Amino acid sequence: VPFSCDWRKVAGAISPIKDQKNCNCCWAMAAAGNIETLWRISFWDFVDVSVQELLDCSRCGDGCQGGFVWDAFITVLNNSGLASEKDYPFQGKVRAHRCHPKKYQKVAWIQDFIMLQNNEHRIAQYLATYGPITVTINMKPLRLYRKGVIKATPTTCDPQLVDHSVLLVGFGSVKSEEGIWAETVSSQSQPQPPHPTPYWILKNSWGAQWGEKGYFRLHRGSNTCGITKFPLTARVQKPDMKPRVSCPP
Amino acid sequence: GPLRAQDLGPQPLELKEAFKLFQIQFNRSYLSPEEHAHRLDIFAHNLAQAQRLQEEDLGTAEFGVTPFSDLTEEEFGQLYGYRRAAGGVPSMGREIRSEEPEES
């Protein structure tokens with residue numbers, strides 16, 4: 001596992017930040033973001049797929065009332081792919097009778113999808129090797145989040161109550177204030193190594209005005225807010241095929 | 001009881017200023033003075049909530065005014081959550097047993 005990895009640094013690898021507006025469709029936005037990124041880094045094909053098609057053709061009723069990432073992937077498999085966002089644009093509401101999977105040309109499709117191990121080391125390894133994945137977290141601290149690395153405990157952010165799906169796009173470490181302080185202050189007594197704060201970089205779907213230009217960071221290594229509960233990703237190539245580009249540090 | 005703007009201490013004008021800046025930054029307007037007052041109350045409550053989150057956080061995160069600062073937690077959950085999963089998604093157990101990522 002590399003020390004850091006940020007797929008945002010590959011020009012065009014990550015599609016623009018989405019805004020789910022008044023529709024509980026984080027599950028579809030996360031799945032779409034996953035497929036878009038994998039197509040971009042695997043085939044250098046800069047597609048934006050239709051979230052609205054995922055909602056209209058959802059297997060589980062009103063997709064604006066919530067849903068699951070695995071249902072989005074099953075919809076993609078059942079419909080043999082997805083149309084483009086341009087052809088089938090996001091409306092922010094479900095129109096189930098408007099599910100027309102054959103009406104528009106498919107711009108992206110998937111081979112299958114998998115759930116990774118509930119292990120942050122394995123998740124980092126997969127992310128760095130194969131590309132961004134979706135995760136489902138407890139969104140409690142996100143509503144009033146502005147910037148920085150969120151580090152919660154199971155008491156302050158229950159890792160079992162996951163209710164929001166997002167796209168994991170990278171990881172890294174930042175030297176914490178305490179680390180800098182320890183390094184400086186302790187120089188006369190006992191030298192102590194700085195205390196880096198490892199973090200995940202996640203792409204949200206609440207618009208670019210929220211958080212760090214639409215992204216946020218969660219502490220890595222403590223299962224903060226249940227990040228390891230449902231790590232899912234589509235696969236757009238054969239399992240042994242790696243993307244054309246590697247994750248920049 | 002509910003925290004009201006006037007209960008927040010000696011700086012209600014600062015609170016109103018902060019709310020005005022929020023409205024400008026995120027392009028918010030309200031249909032009536034009653035609605036405005038209601039949203040100001042929620043804004044004040046959310047500032048207090050952000051303070052609590054700040055105290056609880058063990059990382060470097062900053063909490064404060066966001067595009068959702070005029071929404072209650074319930075309103076926000078209805079608009080942006082994933083209600084079908086609220087209270088926990090169906091028990092999945094450990095579905096993946098393989099060490100290898102290429103095996104489903």
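Model, not experiment: these values are computed from the prediction. In what follows, every chain begins at residue 1, and chains take the letters A, B, ... in the order their sequences are listed.
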Subject >> Winner by heavy-atom pair count (cut-off under 4.5 Å) against chain B, out of Arg217(A), Gln209(A), Lys238(A) >> reply: Gln209(A)
Subject >> Inter-residue atom distance Arg146(A).CZ - Leu53(B).CG, 0.5 Å rounding >> reply: 13.5 Å
Original post:
Any donor and acceptor pair, going by atom type alone, linking the side chain of Thr66(B) with main-chain N or O of Arg143(A) inside 3.5 Å?
Top reply: yes
Subject >> Heavy-atom pair of closest approach, residues Leu144(A) and Asn46(B) >> reply: CD1-O, 3.4 Å
**OP:** Flag the one option from Glu73(B), Gln25(B), Gln54(B), Gln49(B) with the top tally of heavy-atom pairs under 4.5 Å to chain A.
**Re:** Glu73(B)
**OP:** Go through Ala50(B), Ser69(B), Pro67(B) and name the one with the most non-hydrogen pairs under 4.5 angstrom from chain A.
**Re:** Pro67(B)
Original post:
If you measure from OG1 on Thr60(B) to CD1 on Ile150(A), what distance do you get to the nearest 0.5 Å?
Top reply: 9.0 Å
Original post:
OG1 of Thr156(A) to CD of Glu55(B): how many Å apart, nearest 0.5 Å?
Top reply: 12.5 Å
Original post:
Roughly how far, to the nearest 0.5 Å, is CG of Leu142(A) from CZ of Phe76(B)?
Top reply: 7.0 Å
Original post:
Does Asn78(A) CG have over 12 foreign heavy atoms under 6.0 Å away?
Top reply: yes
Original post:
Any idea which heavy atoms bring Phe63(B) and Pro141(A) closest together, and the distance?
Top reply: CE2-O, 3.1 Å
